[in-house]
Amino acid sequence: MPPPKIDDNDAPALGRAIDSLDGVGTTRAKEFRARGVHTLRDLLEYFPRDYQKENAECPIGELSTVGIQISRGEVVAVDLAGGRGRTRFEATLADGNARLALCWFNASWLKGKIVPGQILRVQGAVKIRGNIPQMVQPTWQVIDPAAEPVGEDRLRAVYAAGAKLPSKFIEELIGDHIESALPEIEEWFAPTQLLRRNLMGRAEAYKSIHRPTNRREALRARRRLVYDELMLLQLGLGL
């Protein structure tokens with residue numbers, strides 16, 4: 001059962017058109033509208049379909065197969081394999097103690113972009129192939145060897161998305177605007193009712209469903225929003 005709609009009012013933040021938000025160009029605005037997202041209000045109602053653990057940057061030898069991992073190393077080998085539209089670009093990173101295999105499909109354009117001697121920071125899911133950790137289709141960037149480690153252990157929201165509208169972009173866009181929108185979300189129940197039913201506040205629920213600190217908090221947020229939906233159904237039946 002989907003959580004209920006936010007109050008349909010003329011609140012200045014919630015009523016902002018989706019294409020007025022920073023970073024949302026014509027293409028992404030079209031993708032959002034195809035998903036029923038026309039305003040910031042609609043964006044807050046575009047709830048995650050799942051959550052994924054993301055870990056802080058760590059040495060290659062400490063990578064885990066659980067969640068999203070971040071690591072770095074020197075490119076020590078590259079190779080472009082395959083042909084006729086079925087290319088596979090491969091690279092190997094080393095950090096002095098361990099090695100990490102990287103693989104991108106249909107990415108011949110990476111030849112000349114990723115070369116031996118560079119220091120890369122990579123992010124993605126890790127699998128073990130022949131006793132060596134491997135990332136397939138990781139995000140990457142060239143960094144200075146002295147660059148500080150990044151990231152933190154956290155739970156990342158995963159949204160229904162596409163090639164032109166990545167889940168990470170949706171997550172970051174909501175993160176950029178949720179704080180300005182929360183004050184405009186009105187509470188429906190008295191504090192005594194929330195306490196009696198062990199419910200979090202309505203604005204807190206919208207924040208926690210998008211940016212939970214753990215899965216338990218995400219479930220509590222969803223419970224509150226589903227409670228609101230059930231209350232609306234009961235009121236409708238009563239009327």
- Under the salt bridge (Lys or Arg N to Asp or Glu O under 4.0 Å) test, residues paired with Glu204 that sit two or more places apart: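 Checked Glu204 against salt bridge (Lys or Arg N to Asp or Glu O under 4.0 Å); zero matches.
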- Task: Only counting residues at least two apart or in another chain, list the ones meeting salt bridge (Lys or Arg N to Asp or Glu O under 4.0 Å) with Asp176.
- Result: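 Expected list: none.
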Mind checking whether [X] and [Y] sit in one hydrophobic cluster, side chains of I, L, V, M, F, W, Y counted as touching below 4.5 Å?
| X | Y | value |
| --- | --- | --- |
| Ile174 | Val24 | yes |
| Leu80 | Leu93 | yes |
| Phe47 | Leu182 | yes |
| Trp109 | Val142 | yes |

- Take Ile60 and Asn97, measure what side chain to side chain contact (heavy atoms under 4.5 Å, CB included) needs, and give me the verdict at the end. CA-CA 8 Å; Ile60 293 174; Asn97 297 308; over 6 Å; no
Is [Y] close to [X] at the side-chain level, that is, under 4.5 Å between some pair of heavy atoms?
| X | Y | answer |
| --- | --- | --- |
| Thr213 | Leu155 | no |
| Leu44 | Ile178 | yes |
| Asn106 | Phe89 | no |
| Leu100 | Thr92 | no |
| Leu120 | Ile114 | yes |
| Pro138 | Leu102 | yes |
| Ile18 | Asp42 | no |
| Trp140 | Leu110 | yes |

- Just how far is it from atom CG of Leu165 to atom NZ of Lys30, taken to the nearest 0.5 Å?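 Rounded to the nearest 0.5 Å, the CG-NZ separation comes out at 13.0 Å.
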- CG-OG1 distance between Asp19 and Thr27, expressed to the nearest 0.5 angstrom: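 Answer for the CG-OG1 pair, Asp19 versus Thr27, is 12.0 Å.
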Taking only residues two or more places apart in sequence or in another chain, which ones pass ring pair (Phe, Tyr, Trp, His ring centres under 6.0 Å) with [X]?
| X | value |
| --- | --- |
| Phe32 | none |
| Tyr227 | Phe189 |
| His177 | none |
| Tyr159 | His210 |

- Query: So Leu173 and Leu21, side chain to side chain contact (heavy atoms under 4.5 Å, CB included) or not? Walk me through it.
  - Reply: CA-CA 8 Å; Leu173 186 66; Leu21 305 182; 4.1 Å; yes
List the atom of [X], the atom of [Y], and the distance in Å for their closest heavy-atom pair.
| X | Y | result |
| --- | --- | --- |
| Lys168 | Arg156 | CE-NH1, 3.9 Å |
| Gln134 | Arg129 | OE1-CG, 3.2 Å |
| Gly124 | Met135 | N-SD, 3.7 Å |

- Determine, for Tyr51 and Arg215, whether the Lys NZ or Arg CZ falls below 6.0 Å from the six-membered ring centre while staying within 45 degrees of the axis.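 Judged by the rule, Arg215 and Tyr51 form no cation-pi pair.
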Look at the side chain of [X] and the backbone N and O of [Y], then say whether any donor-acceptor pair between them is shorter than 3.5 Å.
| X | Y | answer |
| --- | --- | --- |
| Gln69 | Val66 | yes |
| Arg41 | Glu45 | no |
| Tyr46 | Ile170 | no |
| Gln193 | Ala190 | no |
| Glu184 | Ala13 | yes |
| Arg223 | Asn198 | yes |
| Glu187 | Ala203 | no |

- Taking atom types as modelled, find out whether Arg121 and Gln141 have a side-chain donor-acceptor pair closer than 3.5 angstrom.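 Their side chains do contain a donor-acceptor pair, which is all the 3.5 Å distance test asks for.
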- Give a yes-or-no answer on whether the side chains of Glu54 and Gln123 include a donor-acceptor pair shorter than 3.5 Å.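 The answer is yes; a qualifying pair exists.
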- Tell me, yes or no, whether the heavy-atom count around Arg99 atom CZ, taken from other residues, nucleotides or ligands under 6.0 Å, exceeds 12.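 No, because the 6.0 Å sphere around CZ of Arg99 holds 12 heavy atoms or fewer from other groups.
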- Starting from the C-alpha separation in whole Å, work towards a yes-or-no answer on side chain to side chain contact (heavy atoms under 4.5 Å, CB included) for Arg202 and Asp228. CA-CA 9 Å; Arg202 193 158 180 258; Asp228 289 358; 3.2 Å; yes
- Message: Between Ile143 and Arg72, is the side chain to side chain contact (heavy atoms under 4.5 Å, CB included) condition met? List the steps.
- Response: CA-CA 9 Å; Ile143 62 171; Arg72 73 170 74 187; 3.7 Å; yes
